[in-house]
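Just so we're clear, the structure is a prediction, and the values are computed from it rather than from any experiment. The chains referred to below are lettered A, B, ... by the order of the sequence lines, with proteins before strands, and numbering in each begins at 1.
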2 protein chains.
Amino acid sequence: MKHDAMHMAGKPTLGFRPLYRQVRDILVKRIADGVWQAGQMLPSEPEIAAELDVSPGTVRKALDEMTAENLVVRRQGRGTFVAKHDDARILFQFFKLIPDSSVREFPDSKVLNLTSGINPEAASQLGLGRRDCVLVLDRIRTLAGQACVLERICLPAALFPGLEKREVPNNLYQLYAMEFGVTIGHASEKLKAVAATGEEAQHLGVAVGEPLLRVDRLAFSLDQRPVEWRVSLCRTDQAHYISDLR
Amino acid sequence: MKHDAMHMAGKPTLGFRPLYRQVRDILVKRIADGVWQAGQMLPSEPEIAAELDVSPGTVRKALDEMTAENLVVRRQGRGTFVAKHDDARILFQFFKLIPDSSVREFPDSKVLNLTSGINPEAASQLGLGRRDCVLVLDRIRTLAGQACVLERICLPAALFPGLEKREVPNNLYQLYAMEFGVTIGHASEKLKAVAATGEEAQHLGVAVGEPLLRVDRLAFSLDQRPVEWRVSLCRTDQAHYISDLR
DNA sequence: CATCTTATATCTTATACAAGAGTTGGCGAT
DNA sequence: ATCGCCAACTCTTGTATAAGATATAAGATG
């Protein structure tokens, strides 16, 4: 009775999704749509199960996957909560640069520039039309008292209306989620070592030609669409980028 | 009856491990000890369950975790197999450098040097005594026809007896597993951008001072002990290092 | 104010059945 | 008699569900 979906098409296995994955999709969509907001507690597993008319174990398996993706946080005896980008664990999910000889810390930011306009290269990266409006934010970040990262962040203007006229906070991904309903789910980064150009060197306080770590990041929202393109140039003389291979 | 372990100590919760995790530990140990070798098929879930006197679902949950850690590979209808380092998926688990404009490929290697002796710095990284013997392997790797990576690999000599007198293959982690019973479970890498020194520049065919990506990797065996320290210097003018953030 | 009870959340374990993948053996055509 | 095909069998992992254990916090109780 529960497997009607798989028998609708001609071939049973084509287009079939397990029940727990369908449940997962429903729950993810609710978070993406802001029905359940960051930090908020979800209904209990039995409640969700009753509402969707599945067994609690199936809901649980859906939440297992979402936990593995850092989308929700579970606490036994308390409940299940939508992951928030200011939790210590989630904060460093997307910030991989740490000082060589001290504990992990979150950097300060100073905005250099914030404009909007046509930008074919960024539009292409973000999967937009060549003439779609793109927001471009330049800023410099400070780690352990030293100017350390110079970055350019490109966003689809359509998704972030009014961002230009706003005070830009340090924690961008929290802003995206709270004010614009855009939750970053994952990102893929490409790293290179490059030589500092004149302007870059000046901003970071290093000599021209000095090696910098160039991090090219494309970040995706919960519905798997690219929503941020970011290129960061990092001094790595007193810090390093960490990557865990499992 | 199954929870005796938790009642032995004063506090119930201290030192208590769920049954499925105990099963996981047993299975991991069997792989680590070579009882089940790379590529080999494990007994079926019901068989393992009967042998350990737990329910199949418990074995299954243990294998779920091991699958997530890339330790085993499951194939519906076929069986569960110990992960092998020449499977396409596992191969690139530990090799993150890919050419800018072509498909992923695995590099060739040419050994420059292989020695053994005292090396306090490497010994410290590997958690050995300062005077324990360390193997040091220098080699250069070629990607898409271009000398691309210059790396130094340090190993505890005690774990790899006779490695010095042996032909060193391209795929080291497969060698560790097959010939020395050492399976790499995970690794943590620290990345920096550095300037090429004279010798480095010569080996890689770049100018002195050219930016290189320096990857400092510590790799751990299944029992969580560091067994390989590797520093790789990479040209990134035609390749990049990828990192997925989830 | 400390302790116990209770309600409710997640966590663990168990069981039944479905789906995928070889293997085997029957059966007909050649 | 032999080859090829296909159905049935049997083994595997995958999915769905349910019941009891454990953890947490709030309220009752002394």
Check: By side chain to side chain contact (heavy atoms under 4.5 Å, CB included), which residues pair with P46(B), not counting sequence neighbours?
Finding: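 By the side chain to side chain contact (heavy atoms under 4.5 Å, CB included) rule, P46(B) matches S44(B).
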Check: For Q125(A), what residues pass the side chain to side chain donor-acceptor pair (under 3.5 Å) criterion, not counting sequence neighbours?
Finding: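 Once residues adjacent in sequence are excluded, Q125(A) has no partner under the side chain to side chain donor-acceptor pair (under 3.5 Å) criterion.
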Notebook entry, point to check: Taking only residues two or more places apart in sequence or in another chain, which ones pass salt bridge (charged side-chain N to carboxylate O under 4.0 Å, His left out) with E151(B)?
Noted result: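 E151(B) satisfies salt bridge (charged side-chain N to carboxylate O under 4.0 Å, His left out) with R139(B), R141(B), R230(B) once adjacent residues are dropped.
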Check: Quick one: salt bridge (charged side-chain N to carboxylate O under 4.0 Å, His left out) partners of R225(B), sequence neighbours excluded?
Finding: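 Partners of R225(B) under the salt bridge (charged side-chain N to carboxylate O under 4.0 Å, His left out) test: D223(B).
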Notebook entry, point to check: Partners of R60(B) by side chain to side chain contact (heavy atoms under 4.5 Å, CB included), sequence neighbours excluded?
Noted result: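 Checked R60(B) against side chain to side chain contact (heavy atoms under 4.5 Å, CB included); matches are E45(B), D64(B), R74(B).
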Checklist line | Any residue meeting side chain to side chain contact (heavy atoms under 4.5 Å, CB included) with Q37(B), in chain and number order, not counting sequence neighbours | finding: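 Once residues adjacent in sequence are excluded, the partners of Q37(B) under the side chain to side chain contact (heavy atoms under 4.5 Å, CB included) criterion are Q40(B).
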Item checked: Atom-to-atom span, CZ of F81(B) to P of dA21(C) - whole angstrom ->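 So the CZ-P distance, F81(B) to dA21(C), works out to 12 Å.
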Notebook entry, point to check: Is the number of heavy atoms from other residues, nucleotides or ligands under 6.0 Å of K190(A) NZ greater than 12?
Noted result: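 Open.
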Item checked: B/S/- contact track for nucleotides 2-9 of chain C, protein heavy atom under 4.0 Å -> -------B
Checklist line | Positions of residues 56-74 of chain A (non-hydrogen atom under 4.0 Å from DNA chain C), listed by number | finding: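 Residues of residues 56-74 of chain A under 4.0 Å from DNA chain C: R60(A), R74(A).
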Check: Could you give the angle between the helix axes at the two ends of the helix from dC1(C)-dG30(D) to dT30(C)-dA1(D), with five pairs per end, rounded to 10 degrees?
Finding: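 Both end axes considered, the difference amounts to 10°.
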Item checked: Set of residues satisfying salt bridge (charged side-chain N to carboxylate O under 4.0 Å, His left out) with respect to K29(B), sequence neighbours excluded ->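 Testing K29(B) for salt bridge (charged side-chain N to carboxylate O under 4.0 Å, His left out), a comparison that skips the adjacent residues, returns D33(B).
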Next item on the list: Identify, with sequence neighbours excluded, every residue that meets salt bridge (charged side-chain N to carboxylate O under 4.0 Å, His left out) alongside E69(B).
Entry: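 Expected list: R24(B).
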Check: Which residues satisfy the side chain to side chain contact (heavy atoms under 4.5 Å, CB included) test with Q174(A), sequence neighbours excluded?
Finding: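 Q174(A): side chain to side chain contact (heavy atoms under 4.5 Å, CB included) contacts with K84(A), H85(A), D86(A), N171(A), M178(A).
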